[in-house]
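All remarks here apply to the structure that follows.
Numbering of residues begins at 1 and proceeds along the displayed sequence.
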Amino acid sequence: MDPQHSVLWARDDPPPQTSADLFLQLIQNPFKSAFQLNAVYASLVTAAPVAVIFTLLFSLFRPRHSVIYAPKVKHADRRHTPPPVGKGFFAWVKPVLGTKEPQLVDCIGLDATIFLRFTKMCRNIFIFLSIIGCLVMIPINITQSEPDLTKDLSPFATMTPMYVKTNAIWSQVACAWAFDIVIVFFLWRNYKAILELRRNYFKSSEYQRSLHARTLMITDIPEKARSVEGIMRLTDVVNPTAALPLASVGRNVKLLPELIKKHDETVRQLETVLAKYLKRPDNLPARPMMRVPRKERDGHPDRVDAIDYLTDKIQRLEEEVRHVRSSIDRRNAMPFGFASFDMIEHAHAVAYTARKKHPQGTTIQLAPRPHDLIWENLPLSKAARRWKRFVNMIWVTLLTVVWIAPNAMIAIFLSNLSNLGLVWPAFQTSLSANPKVWAAVQGILSPAVTSLVYIILPIIFRRLAIQAGDVTKTSRERHVLNHLYAFFVFNNLVVFSLFSAAWTFVTTVIDAKNHDENAWEAMKAGQFYAKIINALCQVSPFWVTWLLQRNMGAAIDLVQLIHLIWVWFAKTFLSPTPRQAIEWTAPPAFEYASYYNYFLYYATVAFCFATLQPIVLPVTALYFGIDAMLKKYLLMYVFVTKNESGGLFWRVLFNRMVFATIMSNIIVALVTKVQGTWTMVYCVVPLPFLMLAFKVYCMRKFDVDCKFYNRANLSDAEALAAGKSAKKASDRLNTKFGHPALFKPLITPMVHAKAAEVLKRIYRGRLHSTDMSGEYSDIALDPMSKSHPGKLTDPPNAPFEVVAENQLDFSYFKDRPDFQDEFGGGIYGRPEDLMTERSQTPRSALGEWSPTSSRASSPAPSLPSISGIKMPDVYRPSMDEQTHPAFRVPLSRGDSGTVPTVGGGLYQHNNESETQLLSQAQVPAHSDTYGPTDRWRTGGYGPVEQDEPSFTSYEHFRAPR
């Protein structure tokens, strides 16, 4: 490199004269005085002790607060219970380090296991890159720099290639090849390990017994094929086996999901009103009033009694739900359906054959788990989905681009208020008068604004993904990860790091044009590539300090600081409802999209600055080394996977790692272009193409076996095997792959037991209501009486569920659908997706109760001690409470466990219609609407069982549970 260029890079701009000039200079070089060696030392001195202090505090309080720091020990079943951990100060370290990957798969699931594997892979990659960077790059950069230019510079400047001699730039080329080889090796090695994990996952008992594993989802069905026979014809086109599937067509539920959502929101609103009003039962305030929404003011005054109005609204919504559910069989069929095979091999063989075929424009693929579906997007046509994706792309791009200006202002002014004082004299006066106050504001405001953005962004992208037509929650999370990563890399890495170089180049060209100079000559004189490398080298110490502070963030996650602060604030200053108190004790769901984005972003930053500032490599290795251990504890004892995808995040991670490696190759090419020769550039050019070739190789080598249990090459016995029981398969398919709005239990307003007596006195709503428990649990079932077989139960009286103080714990409610869907499903799997070995029907609320299954959602009056643990006593209502019309038995709204309840009292959660009616249920009569299916099936597949019922009424789908 020409030494004159180095002098040009190192020189300072002339001092500005006006606020406008100061503003332009700050934009050109916002990092001019902010990132020195002292800043790195300060970050290390603050971040490391804080991380150690938080870890010690966690070790101190962990044995005393297991509800916060080990909830899965209490709530998980026998299979998913983590290893026992002692009460010692560092007793948690041994089980974390000693639990190996096979045990992790059974304990925390495949998604969490792959997350930990990815974290350890990043740790190992950066350990090897650190050895190369620190032993090769740093000595070469320091010893081969121009001594006249580096004698007055900080060590961070001398470790960069800014002042290195031309011949020494070959080290950049060699390290780029070495770095790529290390990254490729670990990616390939882990891809093989992921394949092995997926194959073992396919062979696991949970997957072998699941319904979705043997079911196909068919979308974009043409109108003429929207029937059972039509779906069977569509699958027959790509079916290489002799097996006949059982089919189910989606039905239009229209307003039912919106009604249920509105009902749930109203119930929570009533619970909030009651919690505030009954906070002090012995000193009640005035009756709560509320303003009626404008759309609901028909015959109502502007302000009404909140309790009465919300209670009546809940009753009206229940009646509407009941009416829609009773008329669902008159709705038209939808353009999606499901086909279930008796053997997993058959379903996967058909899916593999159909992966590149679209019979009559349909898409046939393996079905996700029923709870993973986003039902409102299934009916979308291809054209509607393409348009929604296009609009979503516009919104994401617009949001990413619009954030450039606020991001630049935060980087320049909010992170350093003295810069704001330079261009705003009035603010400078206040800053000089109150330096400590503004220092505190700066220390709080900048990270608070940045953290708020990072919290809101996943929510925004998640809603945009739903609007774009994603049909599963796992695909939605993968798209959220894609958008977050693109946003972070573009705004927080590219724009943040290169903004000053781009701005300086633009101002140079504009200034030359204003002086009537040649624009092309001005662009060449502007030395655009040199300014890019200069800007990256100047900003590199910032990323070192930033990555050092990430270790403090990992410790904050370990102590659950944000959760603790919020719960303390809500309990102290707010009036939490019983439902909220129960939800606080539930194990929180792990946000895979956000955490994966952070890890990918950190890795991308480290790759890009690996040759510019090699000290970033050991700092990143330190972070992943610490977080690999801390996150392992959190996933083993605290967090749960809300929607298990079976490891489908891996391809997204692999692709982003390849992209980050290509970005680092481009930066090395820029360095060789500026300070080296074209020969060096030509030696770097093949690297991005080799990375793309490696991606294609892995995709063809591993992806098919990762996705399918088997390919189309079935043995003759497997291909000619026939289903065992079409009738039972149809029952479970129609029951479990029906829209959840058809049978989802409606939640009941919860009130605290201490307010029970007061609620009886102040309650002025309806005194009697029609029981709709049959419709809530299943539209074909009614609640039956235990004492009078064949008779319906007496209708309950009123819409409240009393919860005692000792029952404000998730363990009492984790099997109830209203809690399980949001909080408990990932602890012990989804029982509704599993089938018993004997009956081959899905496990549902009919599952047996045992102490090991932790089905305690229906607490007994006095449970026996289990393994030496005495269960807490249950609140015993008085006779008045049992008969008062303000309380009712929420039969259909809870789980149907078989634990006895308090004398038919307030805490009975089992649905009798689900436990006793099935033995006497009658199968609907035959119908010849579709006729025998073997009239069109050819090729010697064999006849279809003639006693298979036809599906002429959707009400039949809900009957057998």
Side-chain angles (χ1 to χ4, degrees), residues 50-51 53-62 64-75 264-265 267-269 271-276 278-279 440-441 443-460 462-463 480 549-550 552-595 597-598 627 630-631 633-635 637-642 750 752 803 805 807-814 818-819 821-824 826-827:
V50 170
I53 290 173
F54 277 133
T55 304
L56 295 177
L57 289 175
F58 163 77
S59 301
L60 177 63
F61 290 108
R62 178 197 58 82
R64 300 170 176 83
H65 299 278
S66 59
V67 174
I68 298 174
Y69 297 120
K72 292 176 68 174
V73 175
K74 180 179 182 180
H75 301 309
D264 293 349
E265 293 174 350
V267 167
R268 289 181 177 271
Q269 186 179 3
E271 290 176 343
T272 302
V273 171
L274 291 173
K276 293 179 180 179
L278 303 175
K279 185 176 183 179
V441 171
I444 296 174
L445 190 60
S446 179
V449 172
T450 306
S451 300
L452 182 62
V453 172
Y454 293 166
I455 292 174
I456 295 177
L457 268 179
I459 299 175
I460 295 176
R462 194 168 286 115
R463 294 186 178 182
V480 170
Q549 293 175 355
R550 295 304 91 199
M552 183 173 60
I556 291 176
D557 281 345
L558 180 66
V559 299
Q560 298 288 289
L561 186 62
I562 298 176
H563 176 70
L564 288 174
I565 292 175
W566 167 246
V567 172
W568 170 82
F569 177 81
K571 288 185 176 181
T572 305
F573 300 102
L574 303 179
S575 300
T577 67
R579 189 180 304 276
Q580 291 173 335
I582 294 169
E583 293 172 351
W584 288 338
T585 64
F590 191 75
E591 296 289 342
Y592 284 97
S594 297
Y595 282 106
N597 170 66
Y598 295 147
D627 220 26
L630 301 186
K631 288 297 188 294
Y633 176 86
L634 291 174
L635 286 170
Y637 294 96
V638 180
F639 288 111
V640 296
T641 301
K642 186 176 179 181
M750 288 182 167
H752 199 282
V803 183
E805 179 68 30
Q807 287 184 290
L808 295 178
D809 189 276
F810 182 68
S811 59
Y812 289 100
F813 301 90
K814 62 186 178 184
D818 48 340
F819 289 93
D821 291 345
E822 286 296 324
F823 299 97
I827 304 175

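- Take Arg579 and apply the salt bridge (charged side-chain N to carboxylate O under 4.0 Å, His left out) test, not counting sequence neighbours, and it matches Glu271, Asp818.
- Looking at heavy atoms from C-beta onward, Phe813 lies in side-chain contact with Val803 at the 4.5 angstrom threshold.
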Enumerate, atom names and distances included, each donor-acceptor pair closer than 3.5 Å involving a side-chain atom of residues 584-592, sequence neighbours excluded.
| residue | atom | partner | partner atom | Å |
| --- | --- | --- | --- | --- |
| Thr585 | OG1 | Ile582 | O | 2.7 |
| Thr585 | OG1 | Phe810 | N | 2.8 |
| Glu591 | OE1 | Arg462 | NH2 | 3.4 |
| Tyr592 | OH | Ala112 | N | 3.2 |
| Tyr592 | OH | Thr641 | OG1 | 2.7 |

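- One finds the CD1 atom of Ile68 at 13.5 Å from the CZ atom of Arg62 (value rounded to the nearest 0.5 Å).
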What side-chain donor-acceptor pairs closer than 3.5 Å can you find for residues 553-566, not counting sequence neighbours?
| residue | atom | partner | partner atom | Å |
| --- | --- | --- | --- | --- |
| Asp557 | OD2 | Tyr595 | OH | 3.4 |
| Asp557 | OD2 | Lys631 | NZ | 3.4 |
| Gln560 | NE2 | Asp557 | O | 2.8 |

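- Tyr633 places a side-chain N or O within 3.5 Å of a backbone atom of Tyr69 that can act as its donor or acceptor partner.
- Residues satisfying the side chain to side chain contact (heavy atoms under 4.5 Å, CB included) test with Lys279, not counting sequence neighbours, are Ser575.
- Taking the ring-ring contact (aromatic ring centres under 6.0 Å, His included) definition, one finds that Phe569 meets it with Phe573, sequence neighbours left out.
- Here the CD1-CD1 distance, from Ile455 to Ile459, works out to 8.0 Å after rounding to the nearest 0.5 Å.
- A heavy-atom distance below 4.5 Å is not found between the side chains of Leu278 and His752.
- With a 4.5 Å cut-off on side-chain heavy atoms, Leu630 and Asp627 count as touching.
- Here the closest non-hydrogen pair linking Ala51 and Thr55 is O-OG1, 2.8 Å.
- To the nearest 0.5 Å, atoms CG (Leu60) and NE2 (His65) are separated by 8.5 Å.
- Within the 3.5 Å criterion, the main-chain N or O of Phe639 finds a donor-acceptor partner in the side chain of Lys72.
- Take Arg268 and apply the salt bridge (charged side-chain N to carboxylate O under 4.0 Å, His left out) test, not counting sequence neighbours, and it matches Glu583.
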Query raised in the report: Run the side-chain contact (heavy atoms from CB on, under 4.5 Å) check on Ser811 and Lys74 step by step: do they pass?
Result: CA-CA 8 Å; Ser811 59; Lys74 180 179 182 180; 3.9 Å; yes
